[in-house]
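One structure below.
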Amino acid sequence: MNSRNVFDVLKERGYLAQVTHEDEVRELLGSESVSFYIGFDPTADSLHVGHFIQIMVMMHMQRSGHRPIALVGGGTGMVGDPSGKTDMRKMMTLEMVEHNSRAFQKQLSRFLDFSEGQAILVNNAEWLLNLNYVEFLREVGIHFSVNRMLTAECFKSRLEKGLSFLEFNYMLMQSYDFLELNRKYNVKLQLGGDDQWSNIIAGVDLIRRVQGTSAYGMTFNLLTTGEGKKMGKTEAGALWLDPEKTSPYEFYQYWRNIDDADVKKCLALLTFLPMEEVERLGSLKDEKINEAKKVLAYEVTKIVHGKAEAEKAKAATEALFGQGGADAEVPGTTLSAVEFRKNSNIIDLLYLVKLIPSKAEGRRLVKQGGIYVNDERIDSIDHTLTDRDIRDGSLMIRRGKKVYHKVTVE
RNA sequence: GGGGGAGUACCCAAGUGGUCAAAGGGGGCAGACUGUAAAUCUGUUAGCUCAGCUUUCGAUGGUUCGAAUCCGUCCUCCCCCA
């Protein structure tokens, strides 16, 4: 589909962070269909935008005729990757890992074409969970120098705070994954976020030692803001790809509100728009850059949640922030008339529709002038709503400037 | 295994018998200003039946009129030695 070397595409769009052998990898990707893999450890029950950038890369690669192997870390998830972490993460139970692995598999299948072996989904639990300890040590452990591991970047912060032997083994496990996939599917290339660099080159080395063949690795820039902070964090935590955890509307809003400085980068990394268009939109200034943000929000939402949801989110946004029709698809709650009357106090209502985590928070918000009903500021925590506040069967609550919630009364 | 140190709210971190729901910073939320941006300024940031009450300072049991602060036990982590 794409006649250009995908390596150049990835480079141009700003994905690339580090490559083990730049010329050879480029050559390889330009001359044959390459099986490559990216691993996803099931640390939660949904993928988030951090993973999405990896998925984008897989999609680019697949479009160029390469074969993505998405590896779900049902085995490595049992140990936990210490890379870049300052603290040990909580150990997960087998049940949690399995549950999360299934959720990942389901989500990944939306982005890649798994038909006829054009992409493969594997779970490293398959080969890691039943490893024999001594055999593993003798086959794999022998090739790892502890001295060298200790100098690896990924352990740095942990050498100050403490690192358990459990986590220290993570690198061997991931390297073994690469070896296993190399044997099984002739995988020669491992991709990953830049925090995976140490783990990836360890695997590359292992394959060279054990198999005597070449293997390569490549990492991608993590999605960070202009200030270097990790992007994709919301008040609720991560920005999830699961619509149940982060609604398409919220998802859209996140990108609509991105920093000016990050717009261009996000357009390049998170959409398939041609680079000329990315350049054009990214160079808009002042309020004109809002146009670029709209495109960004729409495009990313479209890829993640589909066109229909993207349209809805866009329409809702226009209705709320522009002057479009008032009756839009806004996040909301439907209440019976009885429920509504029972909770007609503003604080009770806010609490009922989960706009506030506690009633104390609600009182605080009202006192600070942060709550509006039908665009009228509520000035008293004792304010009571009546049927007169219901217009066409619903009323619109707004928290702060941007959080809208529609309450429909039946 | 021996010795030393530490565990405080979302995070970092002060507090070492009452004036502590607990300084300060970060983050979050809200207000002002704006472009649904950033920066800046202001307020706020345990819960509830809120000018009153309840629960909180690793866990648990004590001492005391009264403890985050003192004592016992336990758990976890870090450092030094082996």
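Proteins get letters first, then strands, A, B, ... in listed order; numbering begins at 1 in each.
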The side chain of [X] lies closest to which of these nucleotides: [options]?
{"X": "A/Glu287", "options": "B/G35, B/A30, B/U36", "answer": "B/G35"}
{"X": "A/Ala360", "options": "B/A32, B/A37, B/G47", "answer": "B/G47"}
{"X": "A/Arg377", "options": "B/G47, B/G31, B/U49", "answer": "B/G31"}
{"X": "A/Asp259", "options": "B/A30, B/G31, B/A37", "answer": "B/A37"}
{"X": "A/Asn290", "options": "B/G35, B/C29, B/A32", "answer": "B/G35"}
{"X": "A/Glu361", "options": "B/U49, B/U36, B/C29", "answer": "B/C29"}
{"X": "A/Asp286", "options": "B/C29, B/G35, B/U36", "answer": "B/G35"}
{"X": "A/Lys401", "options": "B/G35, B/C29, B/C33", "answer": "B/C33"}

Now, which nucleotide makes the Watson-Crick or G-U wobble pair with [N], with each of the two distances under 3.5 Å?
{"N": "B/G7", "result": "B/C75"}
{"N": "B/A37", "result": "none"}
{"N": "B/U16", "result": "none"}
{"N": "B/A30", "result": "B/U42"}
{"N": "B/C70", "result": "B/G62"}

Work out how far the [atom1] atom of [N] is from that of [M], and round it to whole angstrom.
{"N": "B/G3", "M": "B/G27", "atom1": "P", "answer": "44 Å"}
{"N": "B/U76", "M": "B/G31", "atom1": "C1'", "answer": "43 Å"}
{"N": "B/C12", "M": "B/A38", "atom1": "P", "answer": "26 Å"}
{"N": "B/G62", "M": "B/G15", "atom1": "P", "answer": "30 Å"}
{"N": "B/C65", "M": "B/C29", "atom1": "P", "answer": "48 Å"}
{"N": "B/A68", "M": "B/C81", "atom1": "P", "answer": "38 Å"}
{"N": "B/A6", "M": "B/A82", "atom1": "C1'", "answer": "22 Å"}
{"N": "B/C74", "M": "B/A9", "atom1": "P", "answer": "24 Å"}

Return the CE to OG1 distance between A/Met396 and A/Thr408, rounded to the nearest 0.5 Å. 8.5 Å
Would you give the length of the straight line joining atom CD of A/Glu299 to atom NZ of A/Lys307, rounded to the nearest 0.5 angstrom? 9.5 Å
Evaluate whether atom CG of A/Asp387 has more than 12 neighbouring non-hydrogen atoms of other residues, nucleotides or ligands under 6.0 angstrom away. yes
So with a 6.0 Å cut-off around CZ of A/Phe144, is the heavy-atom count from everything else above 12? yes
Going by modelled atom types, is there a donor-acceptor pair between the base of B/U36 and the side chain of A/Gln253 at under 3.5 Å? yes
Should the side chain of A/Gln368 and the base of B/G31 be counted as holding a donor-acceptor pair, with the cut-off at 3.5 Å? no
Touch class at under 4.0 angstrom, heavy-atom based, for [X] against every strand present:
{"X": "A/Ile289", "answer": "base"}
{"X": "A/Tyr372", "answer": "sugar-phosphate"}
{"X": "A/Lys293", "answer": "base"}

State which residue, out of A/Phe7, A/Phe272, A/Phe220, A/Phe111, fulfils the ring-ring contact (aromatic ring centres under 6.0 Å, His included) condition with A/His60. A/Phe272
Let me spell it out: for each of A/Lys359 and A/Lys288, pick the nucleotide of RNA chain B with the closest heavy atom. Which residue's pick is nearer the 5' end? A/Lys288
Hey, which of these two, A/Lys367 or A/Ile371, hits RNA chain B nearer its 5' end, going by closest nucleotide? A/Ile371
When you check the phosphate oxygens OP1 and OP2 of B/A37, does a side-chain N or O of A/Lys402 lie under 4.0 Å from one of them? yes
Residue-phosphate contact under 4.0 Å: A/Arg364 side-chain N/O, B/A30 OP1/OP2: no
Anything under 30° is parallel, anything over 60° is perpendicular, the rest tilted; go ahead and classify A/Phe155 against A/Phe168. tilted
Out of A/Lys245, A/Gln107, A/His51, which residue meets the side-chain hydrogen bond (donor to acceptor under 3.5 Å, both in side chains) rule with A/Ser46? A/Gln107
